Amino acid sequence: MPHGVGARFFNSLDSTNIKATELATTGDKGPVWLVAGTQDAGRGRQGRVWTSKPGNLYTSLLFAPHIKPVDAGALPFITALVVRETFVGLGLENEQVQCKWPNDILINHKKASGILIESSAGSNGYLDHVIIGIGMNLLHSPTDAAFKATSFFEETKKTVEVRDALQLLAHNMKKRLDSWIVGQFESIGREWTENAWGLGEKREIRTTRDTFEGTLLGLDSHGGLKISVPTGEEQTIYAADIFPSLSGN
């Protein structure tokens with residue numbers, strides 16, 4: 001592990017994010033990676049179940065950056081780039097791995113990783129701690145996912161040990177966080193955009209209130225997704241799920 005960063009391994013947990021939250025309430029703010037062989041209550045965005053069979057990487061980073069809540073908006077994009085970089089480092093081609101807004105990683109247009117970031121604000125206007133939960137499909141993937149899924153093994157026919165993937169992920173994350181200039185999103189957004197899935201193409205957009213089609217245009221200065229709807233109007237969305245368009249590009 002990187003210097004100054006710990007790791008704790010568990011055969012099984014309800015979820016690594018839940019365990020990280022428990023640690024934070026005891027005053028342990030890391031930095032530490034929590035890793036589970038399996039999870040009984042793995043969660044994705046909006047409380048979705050994250051299938052957690054042995055062989056994949058289920059991990060959460062608990063740490064306490066000196067940032068305000070508004071600054072945390074960059075973390076999903078930083079983390080997506082870290083996970084993408086890790087998959088490439090494990091042996092995938094650069095063009096095979098893309099970032100899907102807001103916080104998924106795709107291999108050959110299929111979901112291979114999800115990110116769930118949680119935080120707690122302190123009384124001084126800064127975050128008390130941050131938890132970055134990451135699931136990476138190394139060996140297998142769910143067959144019933146809403147967005148077609150895959151794994152590193154399914155795409156390469158090569159196996160990778162969970163500890164090896166964690167080591168690379170942890171080093172990539174430390175490098176990114178150490179070089180992060182808090183408050184400056186432009187370079188992060190630009191790199192994410194260069195590796196994004198679906199930009200300039202029509203996609204199905206599902207919000208909590210509606211489902212519609214739009215052309216993905218890119219990020220705004222805060223990480224919102226700019227889209228063009230069929231009327232020609234441009235909008236920016238901050239919470240939605242993106243799927244392939246049923247009517248084509």
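Count residues from 1 along the sequence. Note that the structure is a prediction, hence the values are computed from the model and not measured.
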Backbone of L34 reached by a side-chain donor or acceptor of T59 within 3.5 Å: yes
Neighbour count >12 (heavy atoms, 6.0 Å) for atom NZ, K110: yes
Basic-acidic side-chain contact under 4.0 Å: R206, E213: no
Pair T150-E155, side-chain donor/acceptor within less than 3.5 Å: yes
V35/T16 under side-chain contact (heavy atoms from CB on, under 4.5 Å): CA gap, chis, key distance, verdict: CA-CA 7 Å; V35 187; T16 56; 5.8 Å; no
Straight-line distance of L62 CG to E22 CD, nearest 0.5 Å: 11.5 Å
Heavy-atom donor-acceptor pair, S113 side chain to G135 backbone, under 3.5 Å: yes
Where G4 and P31 come nearest, the two heavy atoms and their spacing: O-CG, 3.5 Å
F147 and W197 aromatic centres sub-6.0 Å: yes
Note, Q39 side chain near D14 side chain (heavy atom, < 4.5 Å): no
Show me, pair by pair, the donor-acceptor contacts under 3.5 angstrom made by side chains of residues 222-230, not counting sequence neighbours?
none

Pairwise distance CD1(I181) to CD(E186) - rounded to 0.5 angstrom: 11.0 Å
Which atom pairs, donor and acceptor, lie under 3.5 Å between side-chain atoms of residues 75-92 and protein residues at least two apart or in another chain?
residue: T79; atom: OG1; partner: L75; partner atom: O; Å: 2.8
residue: R84; atom: NE; partner: V97; partner atom: O; Å: 2.9
residue: R84; atom: NE; partner: N195; partner atom: OD1; Å: 3.3
residue: R84; atom: NH1; partner: N94; partner atom: OD1; Å: 3.4
residue: R84; atom: NH2; partner: N94; partner atom: O; Å: 2.9
residue: R84; atom: NH2; partner: N94; partner atom: OD1; Å: 2.6
residue: R84; atom: NH2; partner: N195; partner atom: OD1; Å: 2.9
residue: E85; atom: OE2; partner: K175; partner atom: NZ; Å: 3.1
residue: T86; atom: OG1; partner: V82; partner atom: O; Å: 2.8
residue: T86; atom: OG1; partner: N172; partner atom: ND2; Å: 3.0

Side chains of L217 and L199 in contact at under 4.5 Å (non-hydrogen atoms): no
Validation row: L219, T193 side chains within 4.5 angstrom (heavy atoms): yes
Rounded distance (nearest 0.5 Å) linking atom CD1 of I242 with atom NZ of K100: 6.5 Å
Main-chain N/O of V182 paired with D71 side-chain donor or acceptor, under 3.5 Å: no
Intermediate values then yes/no, side-chain contact (heavy atoms from CB on, under 4.5 Å), M136 and L169: CA-CA 10 Å; M136 293 179 66; L169 178 73; 4.3 Å; yes
Partner set under side chain to side chain donor-acceptor pair (under 3.5 Å) for S151, not counting sequence neighbours: E154
T21 side chain vs N17 backbone, donor-acceptor pair below 3.5 Å: yes
Side-chain (Q167) to main-chain (M1) donor-acceptor, under 3.5 angstrom: yes
Pairing residues for R8 by the side chain to side chain donor-acceptor pair (under 3.5 Å) criterion, not counting sequence neighbours: D28
Steps toward side-chain contact (heavy atoms from CB on, under 4.5 Å) verdict (I117, V130): CA-CA 7 Å; I117 298 180; V130 172; 4.1 Å; yes
Donor-acceptor pair, side chain of Y58 and main chain of L13, under 3.5 angstrom: no
Members besides L139 in its Ile/Leu/Val/Met/Phe/Trp/Tyr cluster (side-chain heavy atoms under 4.5 Å): F153
Straight-line distance of R203 CZ to D241 CG, nearest 0.5 Å: 14.5 Å
Q98 side chain reached by H109 side chain, heavy atoms, under 4.5 Å: yes
F152 CZ to H140 NE2 distance, which is reported to the nearest 0.5 Å: 14.5 Å
OG1-CD1 distance between T207 and I237, expressed to the nearest 0.5 angstrom: 8.0 Å
Set of residues satisfying side chain to side chain donor-acceptor pair (under 3.5 Å) with respect to N11, sequence neighbours excluded: none
Heavy-atom check, side chain of S60 versus side chain of I132, under 4.5 Å: no
Student check: side-chain heavy atoms of L216 and W101 closer than 4.5 Å: no
Aromatic F185 / basic R190 pairing, under 6.0 angstrom, 45° off normal: no
E95 atom CD, over 12 foreign heavy atoms within 6.0 Å: yes
Non-hydrogen side-chain atoms of L127 and S120 separated by less than 4.5 Å: no
Sub-4.5 Å side-chain heavy-atom contact between M173 and L61: yes
